[in-house]
Chemist: 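One structure, as structure tokens, below. Some questions next.
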Amino acid sequence: MPERRLPISTPAAAGPRRHPRRQRRHCRLLVLPAFALALVSLAYLSFSSHPNLPFHDVPCQIEFLPSVDDLVEPGIYNNFTGFSLNYISKENVSSSNGIFEPLFGGHQSLQEREETYYARNQTLHCGFVQGPEDYPNTGFDLDENDKIYMASCRVVVSSCIFGSSDYLRRPTKSKIGPYSKKNVCFVMFLDELTLGTLSSEGTGPDETGFIGLWRIVVVEKLPYKDMRRAGKVPKFLAHRLFPFAMYSIWLDSKLRLNADPMLIVEYFLWRNKAEYAISVHYDRTCVSEEVLQNKRLNKYNHTAIDEQFYFYQSDGLVKFNESGREPVLPSCSYHYLMI
């Protein structure tokens, strides 16, 4: 695949697409199936931060290019593994007691979970799983017009606010170039409660559905009662929400985007021929520390936290040793505690 310059004109938006029962997707990555990028909560980088974070007044200096005018998208890297995925969209599982409860994530066995780690053609659970037709919807329902818009995205910056738990921070327009304003999708997922709060404060969407650069996408029927858990859906399943995007940047709702997204893609991916980029936690270096912090803040039931942590340990998770020779990722330095 030869190098190519970024197009000057806006690409044509994709028209309505039929969604088959099992969506087929060609993957180029081993870790992130549909994207060449997942910049998760890049608090150290070009975003203004929450005032309680210790590095708020001393942002990390990043040597971005001066503009996107001369950006050239590189050819395919040699370290990609090609394979195809099908996603399970409907289940009809019978339980031992005859009661079936449809779940957004489906009913995946531990053996099925293990098999999904291999880069090969397969069908797997990846959210958005529905039960039989006479069962209730499992949630994260989107308007069809929003689905069409999201299917047209090739480069995405996304974030979410559920449960009216945060302020809506707009990207700094002066830092975003004309190309990105035309070609990058800035999508903010909100639930109806948050939308109502913004509207009551006079900061709701305009007649086109935008607040600044953010295209507002309202999610009906969140799949989880816990807002933190519901927020993991757009955070980790962006490849399902934006099925034809090549690059995706996730922005925590407590951060403001202060750099052009295409310059971020160039710096962290193209310049280093990287598949994805992720920040190190600003304070903690081990999941065991994250466990203690979650308990201190009473974010989740303590027993549930312990059970999840024991599960990680049984899966081979070891305590991070800064003086050791082992690389960072095989240890527990990645701080997210998924429950």
Chemist: Give, for atom CG of Leu198 and atom CD1 of Ile216, the distance between the pair rounded to the nearest 0.5 Å.
Modeler: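 Interatomic distance, Leu198 CG to Ile216 CD1, rounded to 0.5 Å: 7.0 Å.
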Chemist: I'd like to know if the side chain of Ser199 and the backbone of Leu195 have a donor-acceptor N/O pair within less than 3.5 Å.
Modeler: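 Present.
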Chemist: Examine Leu124 and Leu103 and state if one hydrophobic cluster contains both, with Ile, Leu, Val, Met, Phe, Trp and Tyr joined whenever side-chain heavy atoms are less than 4.5 Å apart.
Modeler: no
Chemist: Would you indicate whether the side-chain heavy atoms of Phe186 and Ile176 approach each other to under 4.5 Å?
Modeler: yes
Chemist: Are side-chain heavy atoms of Cys126 and Arg240 found at a separation under 4.5 Å?
Modeler: yes
Chemist: Is the shortest side-chain heavy-atom distance between Glu114 and Asp315 below 4.5 Å?
Modeler: yes
Chemist: Cut-off 3.5 Å, side chains only: do Asn86 and Gln122 have a donor facing an acceptor?
Modeler: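 Per modelled atom types, Asn86 and Gln122 side chains form no pair under 3.5 Å.
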Chemist: Would you call the rings of His107 and Phe100 parallel, tilted or perpendicular, where under 30° means parallel and over 60° means perpendicular?
Modeler: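 Tilted.
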Chemist: Determine whether the aromatic ring centres of residues Tyr87 and Phe128 are separated by less than 6.0 angstrom.
Modeler: no
Chemist: Parallel, tilted or perpendicular: which describes the rings of Tyr149 and Phe210, with under 30° parallel and over 60° perpendicular?
Modeler: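 If you compare the ring of Tyr149 with that of Phe210, the planes turn out perpendicular.
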Chemist: Between Thr303 and Asp306, is any side-chain donor less than 3.5 angstrom from a side-chain acceptor?
Modeler: no
Chemist: Using modelled atom types only, decide if a donor and an acceptor are shared between the side chain of Ser164 and the backbone of Thr197 within a distance under 3.5 Å.
Modeler: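 Pair absent, no side-chain N/O of Ser164 close to backbone of Thr197.
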Chemist: Test side-chain contact (heavy atoms from CB on, under 4.5 Å) on Tyr300 and Arg228 and set out the steps.
Modeler: CA-CA 10 Å; Tyr300 302 97; Arg228 296 185 186 90; 3.4 Å; yes
Chemist: Using the side-chain contact (heavy atoms from CB on, under 4.5 Å) rule, take Trp270 and Tyr247 through it: C-alpha gap first, then chi angles, then the decisive distance, then the call.
Modeler: CA-CA 11 Å; Trp270 295 354; Tyr247 303 101; 3.0 Å; yes
Chemist: Measuring from Met227:CE to Asp191:CG, what's the distance to the nearest 0.5 Å?
Modeler: 6.5 Å
Chemist: Quick one, Arg113 with Tyr117, criterion side-chain hydrogen bond (donor to acceptor under 3.5 Å, both in side chains). Give me CA distance, side-chain angles, the key distance, then yes/no.
Modeler: CA-CA 7 Å; Arg113 170 180 173 269; Tyr117 294 148; 3.1 Å; yes
Chemist: Is Arg229 close enough and on-axis enough to Tyr224, meaning under 6.0 Å and within 45°, for cation-pi?
Modeler: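 Pair Arg229/Tyr224 counts as cation-pi.
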Chemist: I'd like to know whether CD of Glu101 has more than 12 heavy-atom contacts from other residues, nucleotides or ligands below 6.0 angstrom.
Modeler: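 Atom CD in Glu101 is not crowded, with 12 or fewer foreign heavy atoms closer than 6.0 Å.
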Chemist: Does a donor on one side chain sit under 3.5 Å from an acceptor on the other, for Gln111 and Glu115?
Modeler: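 Result is yes, a qualifying pair exists.
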Chemist: Do Val156 and Leu241 come close enough that some side-chain heavy atom pair is under 4.5 Å?
Modeler: no
Chemist: Donor-acceptor pair, distance only, cut-off 3.5 Å: does the side chain of Glu289 make one with the backbone of Thr285?
Modeler: yes
Chemist: Output the distance between atom CE (Met188) and atom CG (Leu251), rounded to the nearest 0.5 Å.
Modeler: 7.0 Å
Chemist: Are Leu65 and Leu257 joined in one hydrophobic group, where the rule is that I, L, V, M, F, W and Y side chains link up if heavy atoms are under 4.5 Å apart?
Modeler: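 Per the 4.5 Å side-chain linkage, Leu65 and Leu257 are co-clustered.
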Chemist: Within the structure provided, determine whether Asp143 and Val217 are in side-chain contact (heavy-atom separation under 4.5 Å).
Modeler: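 The answer is no, as the side chains (C-beta and beyond) never meet within the 4.5 Å cut-off.
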Chemist: Any Lys/Arg nitrogen of Asp226 or Lys232 sitting under 4.0 Å from an Asp/Glu carboxylate oxygen of the other?
Modeler: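 No, no charged N to carboxylate O under 4.0 Å.
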Chemist: Looking at Asp260 and Lys175, does any basic side-chain N land under 4.0 Å from a carboxylate oxygen?
Modeler: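 Salt bridge between Asp260 and Lys175, a charged N being under 4.0 Å from a carboxylate O: no.
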Chemist: Please identify which of these residues, Glu220, Lys221, Gln130, meets the side-chain hydrogen bond (donor to acceptor under 3.5 Å, both in side chains) condition with Asn137.
Modeler: Gln130
Chemist: Using atom types as modelled and distance alone, determine if a side-chain donor or acceptor of Asn294 lies under 3.5 Å from a backbone N or O of Lys299.
Modeler: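 Not confirmed, Asn294 side chain does not pair with Lys299 backbone.
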Chemist: Using 0.5 Å steps for rounding, measure from the CE atom of Met150 to the CZ atom of Phe244.
Modeler: 12.0 Å
Chemist: Can you tell me if Arg154 uses its side chain to pair, donor with acceptor, with the backbone of Asn183 under 3.5 Å?
Modeler: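 Judged by distance alone, no pair lies under 3.5 Å.
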Chemist: Determine whether the side chains of Glu91 and His125 contain a donor N or O and an acceptor N or O closer than 3.5 Å.
Modeler: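 Their side chains do contain a donor-acceptor pair, which is all the 3.5 Å distance test asks for.
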Chemist: Considering non-hydrogen atoms only, spot the tightest contact between Ile161 and Ser253 and give its length.
Modeler: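 Taking Ile161 first and Ser253 second, the nearest heavy atoms are CG1-CB, 3.8 Å.
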Chemist: Using a 3.5 Å distance criterion without hydrogens, assess whether the side chain of Asn272 forms a donor-acceptor pair with backbone atoms of Tyr267.
Modeler: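 It does hold such a pair.
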Chemist: Quick check: closest heavy atoms across Met262 and Val68, and the distance to 0.1 Å?
Modeler: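 Minimum heavy-atom separation between Met262 and Val68: CB-CG1, 3.8 Å.
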Chemist: Do Ile62 and Val265 belong together in a cluster built from hydrophobic side chains that touch within less than 4.5 Å?
Modeler: yes
Chemist: Atom CD of Glu112 and atom CG of Leu110: how far apart are they, to the nearest 0.5 Å?
Modeler: 9.5 Å
Chemist: Write down the atom of Leu213, the atom of Lys181, and the distance for their closest heavy-atom approach.
Modeler: CD2-CG, 4.3 Å
Chemist: Does a side-chain N-to-carboxylate-O contact under 4.0 Å join Lys235 and Asp252?
Modeler: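 No, no charged N to carboxylate O under 4.0 Å.
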Chemist: Quick one: does any side-chain atom of Trp214 pair with a main-chain N or O of Ser158 as donor and acceptor, under 3.5 Å?
Modeler: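 Such a contact is absent between Trp214 side chain and Ser158 backbone.
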Chemist: At their closest point, which heavy atom of Ser288 faces which heavy atom of Lys319, and how far apart are they?
Modeler: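 Scanning both residues, the minimum pair turns out to be OG-CE, 4.2 Å.
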Chemist: Please find the pair of heavy atoms, one from Leu263 and one from Ser67, that lie closest to each other, and give the distance.
Modeler: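 Reported closest heavy-atom pair: CD2-O, 3.6 Å.
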Chemist: Please round to the nearest 0.5 Å and tell me the distance separating atom SG of Cys286 and atom CG of Leu317.
Modeler: 6.5 Å
Chemist: Are Tyr310 and Tyr312 in one and the same hydrophobic cluster, where Ile, Leu, Val, Met, Phe, Trp and Tyr link if side-chain heavy atoms are under 4.5 Å apart?
Modeler: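 No: no chain of side-chain contacts under 4.5 Å links Tyr310 to Tyr312.
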Chemist: Considering only heavy atoms from C-beta outward, does the side chain of Phe162 approach that of Leu190 to under 4.5 Å?
Modeler: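 Phe162 vs Leu190: side chains apart.
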Chemist: For the CD atom on Glu201, are there more than 12 heavy atoms of other groups (residues, nucleotides or ligands in this structure) within a distance under 6.0 Å?
Modeler: yes
Chemist: Is there side-chain contact between Ile211 and Asp206, with at least one heavy-atom pair below 4.5 Å?
Modeler: no
Chemist: Would the distance check show the side chain of Thr138 and the main-chain N or O of Val129 forming a donor-acceptor pair, the cut-off being under 3.5 Å?
Modeler: yes
Chemist: I need the minimum non-hydrogen distance between Leu237 and Phe104, along with the two atoms involved.
Modeler: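 What the structure gives for the nearest pair is CD1-CE2, 4.1 Å.
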Chemist: How far apart are the C-alpha atoms of Glu133 and Lys90, what are their side-chain angles, what is the distance that settles it, and do they pass the side-chain contact (heavy atoms from CB on, under 4.5 Å) test?
Modeler: CA-CA 9 Å; Glu133 293 184 0; Lys90 183 170 289 189; 3.9 Å; yes
Chemist: With the side chain counted from C-beta on, respond yes when Leu297 and Gln293 share a heavy-atom pair under 4.5 Å apart, and no when they do not.
Modeler: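 Yes. Closest side-chain heavy atoms under 4.5 Å.
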Chemist: Does Leu292 belong to the same Ile/Leu/Val/Met/Phe/Trp/Tyr cluster as Ile305, with side-chain heavy atoms less than 4.5 Å apart forming each link?
Modeler: no
Chemist: With a 3.5 Å distance limit and no angle check, can you tell me whether Thr172 reaches the backbone of Asn258 through a side-chain donor-acceptor pair?
Modeler: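 Judged by distance alone, no pair lies under 3.5 Å.
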Chemist: Indicate the ring-plane relationship of Phe140 and Phe189, choosing parallel, tilted or perpendicular according to the 30° and 60° boundaries.
Modeler: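 Judged by the thresholds at 30° and 60°, the geometry between Phe140 and Phe189 is tilted.
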